[in-house]
Each structure stands twice: as structure tokens, then as C-alpha cells.
Amino acid sequence: MKKLSISMKKTFFSAMRSYILTAALIFIGTLSYTQITGTITDASTGEPLIGASVIVQGTTNGTITDIDGSYSLNANIGDAIVVSYVGYDDMTQNITQIITNINMAQGVLVDEVVVTGYATQTRGDITGSVASVDMAEALKAPLVNAAEALEGRVSGVSIVNNGNPGAAPTVRIRGFGTTGNNNPLYIIDGVQTTDGSILNAIAPSDIEQMNVLKDGAAAIYGSRASNGVIIITTKSGKFNQNKPAISLNAYVGSATVGNTPDLLNTQQHADMIFESFRNDGVPTDHPQYGNGTTPVIPSLLAGAPFDVPANQQGTDWLDEIFRSAPTQNVDFSVSNGDEKSRYSFSLGFLNRDGIQLSTGFTRGLARLNSEFKVSDRITVGEHINLSFSNSQFNNSVQLAFRQSPLVPVRDTIGNFAGTYAASAGLSNATNPVADLERNGDNFFKQTRLVGDIFAKIKILDGLTFKTVLGGDFNGINDRNFLALNPEHSEARTVNALTEQNLNFYNWISTNTLNYITEVNKHTFNVLVGYEALRNSGKGSQIRVENFLFETPDFYTLTTGSGTPQVTFAFDSESTISSYFGSFNYAFDNKYFLTATLRNDQSSNFLPENTGNLFPSVSLGWVVSNEDFFNDAGVLNYLKLKGSYGELGNQDTGNANNPGISISGLDINTANFPFGGSTATGAILRQVGNSNITWETSVTTNFGVELGLLNNALTFSAEYFNIETQDLIGQDFSLINDLSIDAAAPFVNLGSITNKGFDFALGYGGVTRSGFSYGVDATLSTYNNEVTELVSAFQVGDGVPFAGSSANRTAVGQPLASFFGREVDGIYTSAAEVAAGPDQGFEDDASGIGRLRYVDQNNDGVINDDDRTFIGSPHPDFVYGVNLNAGFKGVDISAFFSGVQGNEIYNAVRVFTDFPTFFNSNRSTSVLDAFNATTNPTGTQPALSSSVRNSEIAPNSFFLEDGSFLRLKNLQIGYTLPSSVTEQIGIPEVRIYVSGSNLFTITDYSGVDPEISPPDSANPLTLGLDVNNFPISRVLLIGANIKL
Amino acid sequence: MKNLILLCFITFVTIFACGDDFRQVPATGALSSEALANVEGLDLLLTGAYSALNGTRFGGTAQQFATGIDNWWMDAMSDDAHKGSTDGDQQELFDLETYTITPSNSYIRGKFQSLYAGLNRANAVIALGEQITDQDVSAQVAEAYFLRGFWYFELTKLYGNVSIITVQNFNDSDYNQPNNGPAYAQAESDFQFAIDNLPSDQGGSGRPTAGVARSFLAKTLLYQGQFAEALSLFNTVINSGEFSLNAQYVENFRGSGELGPEVVFAAQHTAEGGGSPNGNIGSLLSQPGGGPYGSCCGFFQPTIDLANAFKTNDNGLPLFDAYNDSDIANDYGIESIAPHTPHTGNLDPRIDFTVGRRGIDFNGWGLNPGKDWVRAGFSDISGPFLAKKTSFFQDEEGSLRGSGGWGQVHSGLDYNIMRYADVLLMAAEAAVETGNLDLALDYVNQVRNRAKNMAYVQSPDGGDAGNYVIEPYDSFSDANMAREAVRFERRVELGMEGHRMFDLRRWGITVATLNEYVANESRTIENFGTKARTYTSTFDMLPIPTGSIDLSGDALTQNPGY
């Protein structure tokens, strides 16, 4: 171990040494005095244009711009140069000085510069599948996490938001390629991570570009690219801006919950309980509702140690835990640049209170991006992003469903009311308001520093060396105090403070050599690179019991009188090192070729399995640039493209050493008190698998891009086929109920394919009268199928319902398909029961009102062998539509997002529709419970005081259509006329009102159809709704000010 | 310019030189197989194997309340106990007690998982022991064999048809073995290995001796009806003098009596440490819920049927068939403020160390006031009594009250998996079946005489708390009478200790006994009769859990009838 840490240091110093060398280089750079030089940039964004052709007019003397957009050539003052670039209008400019910078205006077809890898490409050059987010439109919604901007705006990407403020949304690109972690790789300037929460630390307004690599084009990031790559570049100032650009954005608003299911009021609850008793054939005798033939609503809670008035109307617990939550955001940025330097500085503060009590997310952040031309050959710069945040994660939705309506929130003297005594007929849910309010002083504080420093050195014309050192430090400080709850029927006997301190350090060093040249109409762009990455984490959790006072200023780990217990501690590390290269070739803006190759070594695998090679190739043909193509017709632009790539995944979750079996000491599960004195023991904690190796995805992509009606209408369609082999996942069929109680090993579980189409459509224009309009729409499909598995099927380590899992992953089925009994109705008569298969009823009469299961194997008996595949959590398609219009300063935009054809296993109904906790409250759906005399057409099973007929075991009664269409955002803005703003000395002022999640069209009966799986890192539990935190409806008013 | 190129090149090469030490990262805080491969490592894993007796499992989705080593919820399926608390609290336990027994019940799965976890922790020790050749580890390995035999026995006792996981299977992670039948033969050979290799004295550590292993082997044979072989082994144990009865019966259920002379083998528990990780976690629900004892849970309540069994005739002998003709006085259906007079008839004094009833001291916590200390309501099926043997005494609260996550008590009280009285009564049973009635009489009377001569529970104003009348048998008139006497003695001596259901199964009388019990019990607890279904012989083996079958890739086969 000791030897190791020394060698680690050595490696780190060797990396540092290279930086010192690089720094030395910066000062050795020699200057050239004989040439005309300059930078070609986009006129609107200031981004450098790479590969632009620069020719001295009337000669063949020319060059193309390098990775910085710079060029140099021999010419005389007074000559004119012609600059041409795909998607831009050609420009001619006279040379009046030795440094000639040119801003290029874009042509009719918008052809932006897209950051696609270790370099940039223009949209027209791209041969792979790269989708970009229109950040300006996306930012109209009040985003907390930039990944929300992807929802419905980028084809092929599915986003599931998490209602808990501060929880990162789940991002999936083109289906589910693995049974393990499906998170894409995020690249934020020079930093790489698969941790989606990193976007909580980045202000969405700081983002210049967000691009998604969906196919083999991502192979340049081989090792971790199989779930797709999201590349984010942050805003910088512009060279030669020469005037500070200041912007100030602010909004305030309020968030509320959308529709919540209806629960029983007190009278309905009492009637439900009495009908259950009658159905069971037991006397109607209840501690609260009396023993008459009809229930009597008490005025005081029975079982309470003192007088607590019962809520005779019924407490609406959902109403009690939700609130109208204020939300505020303000961000400020200033940017500027001259010939030699540019910078952008921004500050932001966000407060998003959660719609549930004691939930929320507060964040402050600062960013500085700057870049300096140290000499005409050397540029250095950095991106630094520092954020502080506090998240309060709480969710008491399940308790709000369960708590009896009879219980008031508080008693007469203001203390929390509760269930008091177990036999009081109030079940055993804690008071959800009390739980939330008692958690009000808990926090989850994060300090995150994300950034990189870089240097670019132009070695020769066209040849550039770039080195980047990126880092991501994440410090987490979490406090959780568990207070006493004396009103509860299972009151805590001891209070406890639990604190976590976790630190994660990731660094990455990237070094590339890039050569760009043009020979006649042949453009070459070659890049080779080396990258090393290390992730490490260290942390512990300590719990102390017995605090004299329950006030936050008393909470430290030393003020409890109990023995401190370290409940976990870890110290982990993993590394990846990689070589890679890419070759881009273009001919005459017609034919394009990109080839990449990457070799990765991951420490997650044993030495014989560490390495893997990831090649890709893609081709493009811009047909509309051919001479034979008449681009003056309806069709103005036509591009065909295709790609093939192999991508990898080495993510083994928290198991950094999945190749070996790990035993360890464990105070909770391994010690034993021999003769009263506790001996230290060890257990096998994780079963290793020395054969574990890379998961690889072979992806093919074909696409077409069209521009019609003078390019006012753009359309793109892509077909993809991703075949993932050796998918990495824990094999729970190997380490299971028959085995030792260790963590299941990571294995290469099998193969899975995802095929589908991505469509994107854009239409827009401006009428002569100045009315502008635009429509952008995306639609994506994927078809997921498991093609190979090491075991007959996998059920994962998911949430069991009545002892077994509702999801099953098997060959020939989509990942995590629903599996259980098929329900085809409710038995309405003893004759029907007698005629049906044997469901194990005591007698025919007791089967009346119960769910009727299909006898799949026709053996006359209903048992576990009658389970079958009953549905799929995967949608037929997901889509998004963005509409915008503007006229004379008024702008309006509406954004819709939807999911179609998926099913949700509404596991919440285990509690709300069935007597899993008999005296708990239920959904109003039980009002339609079958009753032979009073409701013979009832659609819900007959009421009972206990769960009968195994009705909460996985079955199709819990499956619902999860389709929905949601108005994600509606915004109306007004830009003040310049005549007004000039008077107050502000160039541009826009004010707006905005509403998010204003309505949702769905048949889903749960709280919200946009469900996060119970464990987002475990796709084998896909489609389960287990008490989700609903998405909030946000109304706000804001202003954008530019100075 | 040349310098520039050179330096860039050097930079590249320097970084490219990241060596293998960068690409290989060892596991921090882990015990490597090299570190474990010695006596110290073996001891660590062996302690880990014992730790499974605390009812905790590493990770997984186990039903945490199901894993108790004391099989308390199997008692709730028998005529000894009700599940306790309210009917809706732990619905799946309600299902078990009312004989809606399905393979999807998570208690059945949680127990299955924890038994195999324990079994394979023992396998881990045996596997490691086979690798250590330069040191003598036979005694430790023998302990692991004993533990493995114990887990096989438990598994077979509960589930009937179980899978054998060999050391080779363990080494190969090849766990999905078919459950072709009982694992008694495997348990026997494991116990025999333990007998041959364990010392005769473990120095008060509570680790098994050869005598302990012999007792378990004898029990395994008894369960298979091999009475002569079982009796012979039991006699060896009895005659060895290694164990003896405590003078005071209650010492078997007190901290002060832990590892006393009567203990053959115990799951040792301790309350110490935050969260009491070595407390009796698997059985945390089976602690009284009300009154000063103050745990969350209030499960595990003795039945009226069990209390009735303690009634004695004027000769101080059990009532046998007539015990259930009338019910013992009880306070079911009345509040604590309503007057109640405890039973005035003759009683076996062991009742008041087994059944917590109103008006009698409850383990030093004061006079039991009845309903106020019972979580269950009157419409629930759980009745008026509290469990005493699993509840620590008030004067030992300081050392035995362990804490848990909410209002739980992780009790520090040991559970005696086998105690000497059990050995005597199993021996008596084998003696009866082999026609040795005098020996059976001797063994039964040893147990009864201890009960007779012990200190009885006292009332606060002095004197016995009840009208205790108990005497030994004069003789057994015939085998049938002897059999009935032995069986009755097991019930009153070992009631609420997790044996009853397995006794009934072994004797083949579950269907008759349990359906009769439901009928009798319903005289008092009406709803019990309405809610309980018919017990059928299918239930004599628990079902193999659905989730376990699923995960095994259908290597496991369901037991017949489910």
C-alpha cells in the first residue's frame, strides 16, 4: 500500500513536470515578423473558424486557419485576401496592417461551429450524429440543471426530471445500452465525468454550446462513450470585442405542485374500513369509528394520551406537505476582449425552494474564463467554476398517502399530532409534516470547483500543440438529525445525528497535437493525443446518539452522549489512460471523411483485460454542393452521412476493483460477542470476477439532412443501430439467495441492441412586416431488445413487491420488462370462481370480488408459473415541440414535451389501493371497490382488512399507460423599444413572464408520469413508480438586461 | 523552433510514460486473499460466520424482520404465539399466522436468504482452511463445519427440500444448485466432522465443543426418526456431565445466566455499540411495545392455548387432552381500568416465566396492567398476553437494552438455540420411541423437578404470584401416556423458544393440532377464527421463495402444493 502511494505521487509529479515544461515553452516561443497574420472569427459569436480558406486575391497563394482560427501567409500590405468558409458568405478584405482579423458573417444556412471532440467542426462538416441544444430557447425555462435543456430539444435524448430540487435529472441517449450505469459522459470544457450532478454546479446561463454525440462520432472518447457524450463549452469573451458586454438576468417566481391524486376524507375512510370488516365477516368494531353498524366519526382521537381533536372532515395530507415555494435567480456576467486577451466573468445565485416542506436547493457560483495570447504562437487560458450549494432532499409523499385523515397536523397546544398508540386504528405512518419540519435543519452542502487550465502552442503553420489540465473537486458535507417523535405509535427512543464528509478529486490531463492543412481543395485535419485521468474519493459517515437538546446549534458529533459509530468509510481510486487520434478529410466541401482510433487502459480491469481499441469511421456527402445539383429549387441543401464506430464502457459503479474478491472487517455484520466480549470478524464483501472486461457498443448511423424553401425549413433524419456486447452489470443470478451475502460480481452479462430513428424539424422565418416565427420539433424512437444473457434472465437487485421483482430482463424482451400475473378482471360470482382456475381460495364464495388471474399454462392452478411478460417501460417515442413568434418587441415561445407508449408500474397503489397498511388512508379509487350488492360493476377488488389473493405481488393490475404531453414552458417577453431604453442609458431591456409545467395531458393516475426509477443507476428497475417527488409548476417574472 | 518541437515531444513522451502503477489501483481497506491466508485471517472469517447468528445480512434485499435466529415467527404460526401488534402491522406476518402462506411472502424469503448467508460464511472458512497447509487450523475449521451443519439443519427444518452448496460450489461461485431433498445427511456429516475435531472444552467462549456437536447430531437423527441412534448420542452427552440444569429456570432467559451450565449452544448477543450491531436484530419486533419497557414493536404474544397448557391438576400434572376444555382467566377485551382477577386455579409455575399476564410481575417492570402494555387492539387477533422469555428484566436494562434506528430494541439477551432441558426432553422422546419408558420418566422428571424446586414468581406483597402446583410423574403407564407426557413437557418447558412448530411437524400432528387450536382460541378471540384459514399439510414445509427461485434461474424447484 505504501509503495503504491509513492508511485502515485511519482505519476502526479511526472504530470506536473510536463506542465512545467509546457510553461517553459511559453517563454521560448519565437516571433515571426515576415508574415501577415490574423484570426478569422464568426461575426456573431466571436468563435474562431477553423479550416477557413484564406487566399491572396488573384493568386494561388493561400492557407487555411488553424485550431485557433488563425492564419499566416506571405503577402504585401495593399493586397486583398479572400476568405471562404462553409456556411458563410465569402469575404474580401484589403490588407492594411500585418495583423488582419476578419469577422465572417454567416450565410443563409446557419452553419455554426460545433465542438465535437478535441477540436471543433462546422455543422456542415459533421459526418457523425451530433445534436446541439438551442441554448437561447432552452434558457427560457428556469433551469436548475443544464441537462433539463436537453428534454425534447435534442432528438435521441430522453430526460427524466426529478422533482426533488437539486437532484440531477436522468439523461439517456438512444435507449438503454447497459444493465449498469447508463449515464452519458459529460465534457465540460476540459473536464470529463459521468457524474450527472456536475451540472448542478454549472450555471445554465454560462453555457455557450451543449452538443450531444450520439453515434460512432463519440468514439474519440472511446472508453466511456458508449452511453453517448455531452459536450458543454462555456461562454468566453471575444477577441477584439473592445467593449465590455454586461448582462444581468433575474427572475422571481413561485412553484406549486400540479395535480395530486384524491385521497379519502374521514367519512369515506371510515366507510371503507367498515365495508372491509363486513366483507371479512368480522364485527364492525374499530377503535376510532366505534362498533355500531355504521361508523361514528369521533371528536377526539382514541388512543391519544391526552385530548387530541380528530379531524372529522379529514386532513388532506398531500395538501399539508406541499406548499407554494418561492424561487429566485439572479446572474450577472461581464465579458470583453482585445487583440491579445479575452475574458468572461459571471456570478450567479439561485434559490429554488421545493414544493414539499423542508426541501430546496440554493446555489451560488462564480466563473472566470479567460485566454491570453502570450505571443503569436502561444495562447494560455483557463476556465474556473466555483459553486457552493445546499440541497435539502426530503420526500414524504408516501407517508402523506398513508397517514390517516382522522389525524390532525397538530394538537390543540400546537405540538404535532400522530398515531400515538398502535391499537388506535390509525396504522403506523409518521406525521409527514412533522417529519419534514424536523428535517428542516438538515443539509447537504457541496463545494465544487470545476475547471481547467490550458496552453496552445503553434509549432508550425497548421501544427498546434494543446495541453489541458482539468480538475473536478467535490466536497460534500451532509448533516442529518433524527429527532424524537413522541406522538408516533412507534416513537423513537433515541435521537441521533449522522454526518457525512465526502471528498472527490478527479483530474485529467489531455495533450493533443493537431495539424491542419489544405492542398488545393483537399483539407486535412489530423489530431493525435494522450490523456490520463484519475478519479479518487474518500469519505466517512459518523453517527452519534442521545442529544440533550434538539436545536441545530447544539448538533455536533461531540455533543451527543452515545458512542460515536463510523457507519461507513471509504477510500477509492480509479484511473484511465488513453491514446487517440483522429483524421478528418474534406474535399471541396462535398465529401467528408472522419476516422478515429482510441486505445484505453482502465484500472477497473485486471492487467490482462485493461486495454481496448475503439475505432470509428464516418462519411458525408453534401449532394447540394455538387455541380449537377440545382440548389435554386425547393431543395436547397442535401447531405447524406453514415458512420460506424465502436465505443466502450468500463463503469463498474462504486466497485473500483471488480476483478478481485474483497473481504473486509465489518462491525455491523461480521463481529460476534464470544463470552460477552466482542471479537472482530471479517466477511467476504464483494465477489470478484477476474474475467470482467470492456463493454463495447458497435454503432452504425445513417442520416440525411435537408434544407428546403431557401433553407427556411430544415429536416434531419437518422437511423441508428447500437449493438452492445459484454454489457457490464452485477450478476444477481450468481450471487443470490442461495449464496454468501456479498455484493454480486460485475460480469459481462450479455448483449443488447437499440435501434431507432431520430427526427428533427425546423421551420422559421420573418415576414416583411417584421413578424418572426419558428417551429422546432424533435421525435425519437428506440427499440430495445436483449439479445444474449449469461443467465436465463436477470431480475436485478430491485425493489421487491411481495417478495419478487416486477421487472425481468430476458433474451428477446426489452430491458427490464414487466413480469407478473396477468389480471383479466374481477370475479363477480361464486359460479365464475368455480369455473375459473384454482386460485387457492378457501371456498368459491371467498373468491368473489377478487382479481382474476390468467392461467397462462392452462394447468388449472394459478401459481408462480402463470407469470408472464405483461408490459414494457420503454416508450414508443419521445418528442418535443418548440414554437416561437415575435413581433415588434414582443416574443412568445411555447415548449411541449411528451412521451408516448410506455407503461408504468404504479407501485404506489400497493399502499393506496390495497390494505397493505389497513388503517392507513387510500386513494379515492377504492370508492369503486367491487361489492356484490352495492357495486356489482366495481373496477377495484373488494375491500378487505388484509391483502388477499396475493394481489400486491407483481401483476398487470398495477400497470398503467405512462404517456403524457406536457407544456414544459410558456414564455411571453417584451423588449423595451430603444427609444425608451436609451433614455435610461441601458441598451437592451427585456421583461418576461414564464410558466413551467403548466399542464400535463395523461391518463396516468399517479402523482406524476415523469418518474425517476427508484435507483437511477440501476436500469433493471425501470418504470417503477415508488413515491416520486412530483415535478413542480413554476410561475415567474423576470428581466434580461444588457449593458 | 527545433527546441519547441523537442520540448513538445518530451512533454508527450513524459506523459506517455505513465506506467502500470498508474493503471492498476489496489483496493483500499480490503483484506487480500494473502492477508487472510493464515490463522488470523481464518479467525476473522470464522467470527464473521458466527456473526450470521445475530440475524444480520450484508446488503441485499432481505426482509430484516424475518432473520431472527430464534424462529419467533414460526412460533406465531404454531399454537404457542400470535404475531402480536395490530393485524395490519406487518401484513405478511399476519398472512403467515392466518395460514395464507404463499411463496411471495417476504418473511419466508428473508429467512431463506439469511440461512444461506450463514451457511456460505461457514463455507468460506472451510474453503480457506483447505488452503492453509502450514498451520494447524483443524479446530477452527471444525467450528465452521459445526456451523454449516447447523444451517443445513435449520434450512431443512424450515423448507424441507434444500440445495447443497459444497465448498467446490462456493469456490466456483456456482450456487444455483437444485433443491432435491432434505439436507439431513449433509448436516450429519458436518456435525460428525465437528465431533471428531472439536475440543471438549472451549473455555467459556460459547463456541461449540464436541459435546455440542454430538447434541446437534442427535437432534438431526431424532428429526429423521432414528431414535435408537439419537438416544445413544443423547445419553453420551447427558452422561458426560458437560451440561446440567440451572437451579433457576429463569436464568436461561436472563443476562446473568448467559452461557450458564444449561446452555448447549447459544446465539450470543450484546447491546453494546451504537446501533447494537450484535444485538438480536433479526428478532427486534418481538419485544413488548407498551409500558415502561418501551420498544417500538409489541409483536410475539403468547396464545391463550399456550397459557391453558400450564394448568395442572391437583397432583401437579398437566391436564393433557382436557387442558383446553376451559380457558385460563384472562383480561382479553377489557381495558386496564376494568377489574380483573388473575387465574386462581392450579398452574405450572413456568407459566409466569413464559406468558406475561395481567396482575403478575412482568420481569421486574412492575405488575402487568394488561391492555395498557399491549399494542394489539381487541379486534386484532393477538390476544392479551406478552412474551417474557425474550424480554430482558428491568434490573438488566442497562446492559441489555440495545438501540436501533427508530424505537427498536436490539436486545443484548442471548438466545439459547439448544439448552440442556431440550436435550433431556429430546432424549426422553427417543427413549419413549425405543420403548425405554423408565429412562424417559427419569429425564422428564429431571426437568419437572427443576421447575418444582425453583424460585417462583412472587407477588408484590409477598408469596407466590399464582397458585403453583407442580409435581413429577410417578410413572408412565404405557408408551402412549409417556409420549403424551414428553410432548406436553416440551411445550411447557420450551414454550415461546422457537421449537413448537418443528415439534408438531416432527410428530406429524400439525393439521389436527393447529386447526383445533384455531377453533379453541376463537372462543376468546373471535376474529381469529374468522380470519384464519385452514391449515393443510402443504404448510409443513415452507414454500421456496418466489424471488429466490427467480434469481436462481429456476434451479430451485417449488415445494409441492404451492
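This structure is a prediction, so every number in the text was calculated from the model and none was measured.
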Nearest heavy-atom pair of Thr102(B) and Ser950(A): which atoms, and what distance?
-> CG2-OG, 3.6 Å
Would Ile740(A) and Ile165(B) satisfy side chain to side chain contact (heavy atoms under 4.5 Å, CB included), going step by step from the backbone distance to the final call?
-> CA-CA 10 Å; Ile740(A) 197 165; Ile165(B) 311 294; over 6 Å; no
Leu259(B) and Gly675(A) have their tightest heavy-atom pair at CD1-CA, 3.5 Å
Just by modelled atom types, is the Thr534(B) backbone N or O under 3.5 Å from a matching donor or acceptor in the Glu842(A) side chain?
-> yes
Indicate yes or no: at least one non-hydrogen side-chain atom of Val25(B) is less than 4.5 angstrom from one of Asn656(A).
-> no
Among Gln90(B), Gln558(B), His269(B), Arg207(B), residue most engaged with chain A (heavy-atom pairs, under 4.5 Å) = Arg207(B)
Turns out that what part of Thr86(B) lies under 4.5 Å from chain A's heavy atoms comes down to side chain
Ser379(B) versus Asp285(A), side-chain donor and acceptor atoms under 3.5 Å = no
Note, Leu53(B) side chain near Phe672(A) side chain (heavy atom, < 4.5 Å) = yes
Over all atoms of both residues, closest heavy-atom pair of Ser804(A) and Thr546(B) = CB-CG2, 3.9 Å
Min side-chain heavy-atom separation Glu92(B)-Thr916(A) under 4.5 Å = no
With a 4.5 angstrom heavy-atom cut-off, which part of Val687(A) approaches chain B: side chain, backbone, both or neither?
-> side chain
Interchain contact, Asn176(B) with chain A, by part (heavy-atom threshold 4.5 Å) | both
Residues Asp550(B) and Arg867(A) bridged, charged N to O under 4.0 Å = yes
Pair Leu45(B)-Ile683(A), side chain to side chain contact (heavy atoms under 4.5 Å, CB included): steps then yes or no = CA-CA 6 Å; Leu45(B) 286 191; Ile683(A) 53 164; 5.6 Å; no
More than 12 foreign heavy atoms under 6.0 Å from CD of Gln202(B): is that the case here?
-> yes
Non-hydrogen side-chain atoms of Leu738(A) and Gln177(B) separated by less than 4.5 Å | no
How many angstroms lie between atom CG of Asn278(B) and atom CZ of Phe674(A), to the nearest 0.5 angstrom?
-> 10.0 Å
Determine the option with the most heavy-atom pairs under 4.5 angstrom with chain A, choosing from Gly377(B), Gly547(B), Ser104(B).
-> Ser104(B)
Tell me, with the steps shown, if Leu734(A) and Tyr175(B) meet side chain to side chain contact (heavy atoms under 4.5 Å, CB included).
-> CA-CA 7 Å; Leu734(A) 205 57; Tyr175(B) 293 103; 5.8 Å; no
For Asp741(A), the option from Arg121(B), Gln113(B), Arg57(B) that meets side-chain hydrogen bond (donor to acceptor under 3.5 Å, both in side chains) | Arg121(B)
Max heavy-atom pairs within cutoff under 4.5 Å with chain A, candidates Gln268(B), Glu526(B), Lys371(B), goes to Gln268(B)
With chain A, the option among Gly41(B), Gly88(B), Ser205(B) that has the most non-hydrogen atom pairs under 4.5 Å is Ser205(B)
Note: Asp737(A)-Arg109(B) ion pair, threshold 4.0 Å (strictly below) = yes
Given that the side chain runs from C-beta out, which part of Ala679(A) has a heavy atom under 4.5 Å from chain B: side chain, backbone, both or neither?
-> both
Thr47(B) side chain to Gly681(A) main-chain N or O, any donor-acceptor pair under 3.5 Å?
-> no
Value rounded to 0.5 Å, distance of SG in Cys297(B) from CG in Asn428(A) = 10.0 Å
Measure Ala376(B) against the heavy atoms of chain A and call it side chain, backbone, both or neither at under 4.5 Å.
-> backbone
Residue pair Ser945(A) / Lys531(B), side-chain heavy-atom distance below 4.5 Å = yes
Per-residue contact mode, Ala742(A) against chain B (heavy atom under 4.5 angstrom) | backbone
Return the option, out of Gly664(A), Ser791(A), Ser946(A), with the maximum number of heavy-atom pairs under 4.5 Å with chain B.
-> Ser946(A)
Pairwise distance CZ(Phe732(A)) to OG(Ser552(B)) - rounded to 0.5 angstrom = 15.5 Å
Among Gly676(A), Ala792(A), Ser427(A), Ser489(A), who wins on heavy-atom pairs under 4.5 Å with chain B?
-> Ser489(A)
Contact winner vs chain B - Ile662(A), Asn485(A), Thr563(A), Asp571(A), heavy-atom pairs under 4.5 Å = Asp571(A)
Using non-hydrogen atoms and a 4.5 Å limit, figure out which bit of Phe112(B) sits close to chain A: side chain, backbone, both or neither.
-> both
Look at Pro564(A), Ser603(A), Ser602(A) and state which one has the largest set of heavy-atom pairs under 4.5 Å with chain B.
-> Ser603(A)
Under 4.5 Å from a heavy atom of chain B, the part of Pro607(A) involved | both
Below 4.5 Å, heavy atoms only, C-beta onward: do Gln408(B) and Arg492(A) meet side chain to side chain?
-> no
Does the side chain of Asn863(A) come within less than 4.5 Å of Tyr562(B)'s, by heavy atoms?
-> no
Structural part of Ser548(B) lying under 4.5 Å from a heavy atom of chain A | both
Per-residue contact mode, Leu665(A) against chain B (heavy atom under 4.5 angstrom) = both
Chain A contact via Leu556(B) - which portion, at a heavy-atom distance below 4.5 Å | side chain
Taken to the nearest 0.5 Å, the spacing of Phe58(B) CZ from Asn668(A) CG works out to 10.0 Å
Spacing of Cys296(B) atom SG and His488(A) atom NE2 [to the nearest 0.5 Å] = 9.0 Å
Classify the side-chain pair Asn527(B)/Asp280(A) by whether it contains a donor and acceptor separated by less than 3.5 Å.
-> no
For the pair Ser663(A) (side chain) and Leu31(B) (backbone), establish whether a donor and an acceptor sit closer than 3.5 Å, ignoring hydrogens and angles.
-> no
Best-contacting candidate, Ala744(A), Ala682(A), Ala655(A), Ser677(A), against chain B by heavy atom pairs under 4.5 angstrom = Ala682(A)
Find out whether Thr28(B) and Phe570(A) are in side-chain contact, i.e. whether some heavy atom of one side chain is under 4.5 Å from a heavy atom of the other.
-> no
Using distance alone, with no hydrogens and no angle criterion, decide if Thr678(A) and Glu272(B) have a side-chain donor and acceptor under 3.5 Å apart.
-> yes
Checking Gln91(B) side chain against Phe917(A) main chain: does a donor-acceptor pair fall under 3.5 Å?
-> no
Output for pair (Arg533(B) CZ, Arg948(A) CZ), nearest 0.5 Å, gives 8.0 Å
Cut-off 4.5 Å, heavy atoms of chain A, and the answer for Asp414(B) is neither
